Amino acid sequence: MFSDFDRFAMQRALTLAARGLETTDPNPRVGCVIAQRGRIVGEGWHARAGGNHAEVEALNAAGEAAAGAHVYVTLEPCSHQGRTPPCVAALSAARVARVVYAVDDPNPLVNGRGAAALRAAGIAVEAGLMEKEAAELNAGFITRMQTGKPLVRLKLAMSLDGRTALASGVSRWITGEAAREDVQHWRARSSAVLTGIGTVLADDPQLGVRLPPSVPGGERRQPLRVVLDAQLRTPATARLFEPGGEPLIFTAVTAPDDSRAMRLSERGARVESLPGTRERLELPAVLERLGELEVNELLVEAGATLAGALLYEGLVDELLLYVAPKFLGPSARPLVALPPLQQLDDASRYVLLGVQQFGDDLRLRLRPRAAVGG
């Protein structure tokens, strides 16, 4: 069905799409290649929401050579008017002969309509080439479109004996500089970074991306900073409020004129009430609200209590586990807080997606076994 050149061109389109890994949010990452008789005549990728889609960039690069060409795109071309005109109209106007795309767009505004519109215009359409790779590139976008909630990625760092801090609470630093820089890239690709009030009070994190701009001379997109704070204990002096912060604070406090909420709002925070108690918020409600706010990938950097609650409720889609080659001893603080098991078979099981070394540390990337069909 697909030729060697088809696979070559789609792989190139995927490489182009990955250039938008840290910039396209909340839009999907998309790449496009246009070819005539086995030769690439145009290519493009979606850089930022509101900017040209990958197909339009590639068509602009190809010019008149697009007529009768084959188009390779990593996501089904859009058929609706959003921030930009529909890509199917541009492809039809350019009189391309064939469109090959990797994965269906789960957006209800598209979801098959793009392919149907192309066929109605007399363009040959084929789908499914490198579908798995394209879906992985946009796992967060697909998850949000299908479930209304973001993909939840939980980042944890531990010693060889599964500890995260000394008994005193000192945790800087469990891992080395190279591993911490890798975390910065995961923050950069995330729509939002979430933590709990316990971490804010103990560590005063900034939660921003401390990397050079992805485009020279440009500004780096910062993820939304989210704090779960049932009783509104976030200090107005927290580093979350540093320039560019404007955190979103979820609370169980319902009075809009609460003095604590007003003080945080004056510092630039957005304070929203969600279902919960004085002890904790309802985590599914948190994820539903973040889905409404177009959060595709949510990176959680939290302490043992919140991390354990997310794991126990089955709300974690992926784990990033950094392991440092050191022992902290039995009095040090544990990785996550989970209820005791009655038997070993009750333990949650995970599939290892990959292992990578950063300096002396290892990063394990895992997903729940049930989520990958194991």
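FYI, side chains are in, hydrogens and waters are out, and symmetry mates aren't considered; it's all heavy atoms of this structure. As the structure is a prediction and not an experimental result, all values here were calculated from the model.
There is no path of hydrophobic side-chain contacts, each under 4.5 Å, that joins Met145 to Leu109. Criterion: ILVMFWY side-chain heavy atoms under 4.5 Å apart, direct or through other members. Under it, Met10 and Val73 are not part of a common hydrophobic cluster. Hydrophobic clustering of Ile, Leu, Val, Met, Phe, Trp and Tyr side chains at less than 4.5 Å, counting indirect connections, keeps Leu75 apart from Ile142. Follow the hydrophobic side-chain contacts under 4.5 Å out from Trp45 and you reach Ile40 in the same cluster. Residues Leu353 and Leu366 fall into different hydrophobic clusters, defined by Ile, Leu, Val, Met, Phe, Trp and Tyr side chains chained together at heavy-atom separations under 4.5 Å.
Remark: Glu177 does not engage Arg180 in a salt bridge, criterion side-chain N to carboxylate O under 4.0 Å. Between Glu242 and Arg210 there is no salt bridge, since no side-chain nitrogen of the basic residue lies less than 4.0 Å from a carboxylate oxygen of the acidic one. Between Arg221 and Glu22 no salt bridge is recorded (no basic side-chain N to carboxylate O distance below 4.0 Å). Salt-bridge check for Arg367 with Glu136: passed, with a basic side-chain N closer than 4.0 Å to an acidic carboxylate O.
Arg144 places none of its side-chain heavy atoms less than 4.5 Å from the side chain of Val295. Counting heavy atoms from C-beta on, the side chains of Pro235 and Leu201 come closer than 4.5 Å. At a threshold of 4.5 Å between non-hydrogen side-chain atoms, the residues Leu335 and Leu321 count as touching. Side-chain atoms of Trp186 and Val193, non-hydrogen and from C-beta on, never get closer than 4.5 Å to each other. Within the 4.5 Å cutoff, the side chain of Pro334 has heavy atoms near those of the Arg163 side chain. The shortest distance between side-chain heavy atoms of Val88 and Val99 does not fall below 4.5 Å. The closest side-chain heavy-atom distance from Thr237 to Arg267 is not below 4.5 Å. The closest side-chain heavy-atom distance from Arg153 to Leu320 is below 4.5 Å.
One distance of note links CG of Leu310 with CG of Leu194; it measures 7.5 Å at 0.5 Å rounding. The distance from atom CG of Leu232 to atom OG of Ser273, rounded to the nearest 0.5 Å, is 7.5 Å. We find the OG1-CG distance between Thr175 and Leu362 to be 11.5 Å, quoted to the nearest 0.5 Å. Annotation: the span from Arg98 atom CZ to His70 atom NE2 amounts to 5.5 Å, rounded to 0.5 Å. Going from atom CG of Leu248 over to atom CZ of Arg225 covers 12.5 Å, rounded to the nearest 0.5 Å. With rounding to the nearest 0.5 Å, the separation of CG in Leu137 from OG1 in Thr24 is 8.5 Å.
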Pair Glu266-Arg263, salt bridge (charged side-chain N to carboxylate O under 4.0 Å, His left out): steps then yes or no: CA-CA 5 Å; Glu266 289 171 356; Arg263 183 182 72 252; over 6 Å; no
Steps toward side chain to side chain donor-acceptor pair (under 3.5 Å) verdict (Thr234, Asp229): CA-CA 7 Å; Thr234 300; Asp229 183 4; 2.7 Å; yes
Full working for side-chain contact (heavy atoms from CB on, under 4.5 Å) between Leu118 and Val96: CA-CA 10 Å; Leu118 291 170; Val96 304; 5.8 Å; no
Test side-chain contact (heavy atoms from CB on, under 4.5 Å) applied to Leu290 and Phe250, step by step: CA-CA 10 Å; Leu290 291 175; Phe250 287 131; 3.9 Å; yes
Check against salt bridge (charged side-chain N to carboxylate O under 4.0 Å, His left out), Glu246 and Arg270: CA-CA 7 Å; Glu246 299 180 349; Arg270 179 169 47 166; over 6 Å; no
CA sep, side-chain torsions, deciding dist, call: Phe8, Tyr72, side-chain contact (heavy atoms from CB on, under 4.5 Å): CA-CA 10 Å; Phe8 165 79; Tyr72 302 87; over 6 Å; no
side-chain contact (heavy atoms from CB on, under 4.5 Å) between Arg363 and Val355, worked out: CA-CA 6 Å; Arg363 185 197 71 205; Val355 180; over 6 Å; no
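Of all the heavy atoms in Cys32 and Leu16, the pair that sits closest is O-CD1, 3.6 Å. Minimum heavy-atom separation, Leu151 to Ala139: CD1-CB, 3.7 Å. Among all heavy-atom pairs drawn from Ala332 and Ala165, the shortest one is CB-O, 3.1 Å. The two residues Gln222 and Val209 come nearest to each other via the heavy atoms OE1-N, 2.7 Å. Nearest heavy atoms, Phe5 versus Gly38: CE1-O, 3.3 Å. Of all the heavy atoms in Pro77 and Cys87, the pair that sits closest is CB-CB, 4.3 Å.
A donor-acceptor pair under 3.5 Å is formed between the side chain of Thr251 and the backbone N or O of Ala230. Between the side chain of Asp203 and the main chain of Pro205, no donor-acceptor pair closer than 3.5 Å is present. The main-chain N or O of Phe327 is never found under 3.5 Å from a side-chain atom of Asp161 such that the two would form a donor-acceptor pair. For the pair Gln343 (side chain) and Asp345 (backbone), a donor-acceptor distance under 3.5 Å is absent. Looking at Glu57, its side chain never comes within 3.5 Å of a backbone N or O of Asn52 through a donor-acceptor pair. A donor-acceptor pair under 3.5 Å is formed between the side chain of Glu76 and the backbone N or O of Asp105. Proximity of a side-chain donor or acceptor of Asp346 to a complementary backbone N or O of Leu341 within less than 3.5 Å is not detected. Side chain of Ser191 to backbone of Asn296: a donor-acceptor contact under 3.5 angstrom is found. Using a distance-only test at 3.5 Å, with no hydrogens or angles considered, a donor-acceptor pair links the side chain of Asn138 to the main chain of Arg29. Of the possible donor and acceptor atoms, one in the side chain of Gln231 sits under 3.5 Å from a partner among the backbone N and O of Arg278.
Around the CD atom of Glu292, the shell of radius 6.0 Å holds more than 12 heavy atoms that belong to other residues, nucleotides or ligands. A 6.0 Å sphere centred on CZ of Arg95 holds no more than 12 heavy atoms belonging to other residues, nucleotides or ligands. Heavy atoms from other residues, nucleotides or ligands lying under 6.0 Å from CG of Asp360 number 12 at most. Shown here is Gln357, whose CD atom has more than 12 heavy atoms of other residues, nucleotides or ligands within 6.0 Å.
Sorted by first then second residue, the side-chain hydrogen bond (donor to acceptor under 3.5 Å, both in side chains) pairs that include residues 302-315, not counting sequence neighbours, are Arg280-Glu313.
Note on ring orientation: taking the six-membered ring where Trp is involved, the planes of Tyr322 and Phe358 are tilted (angle from 30° to 60°).
For the side-chain contact (heavy atoms from CB on, under 4.5 Å) with Leu228, the qualifying choice from Ile249, Thr199, Val300, Leu281 is Leu281, the only one to do so. Leu91 pairs with exactly one of Ile34, Val56, Leu59 by the side-chain contact (heavy atoms from CB on, under 4.5 Å) rule, that one being Leu59.
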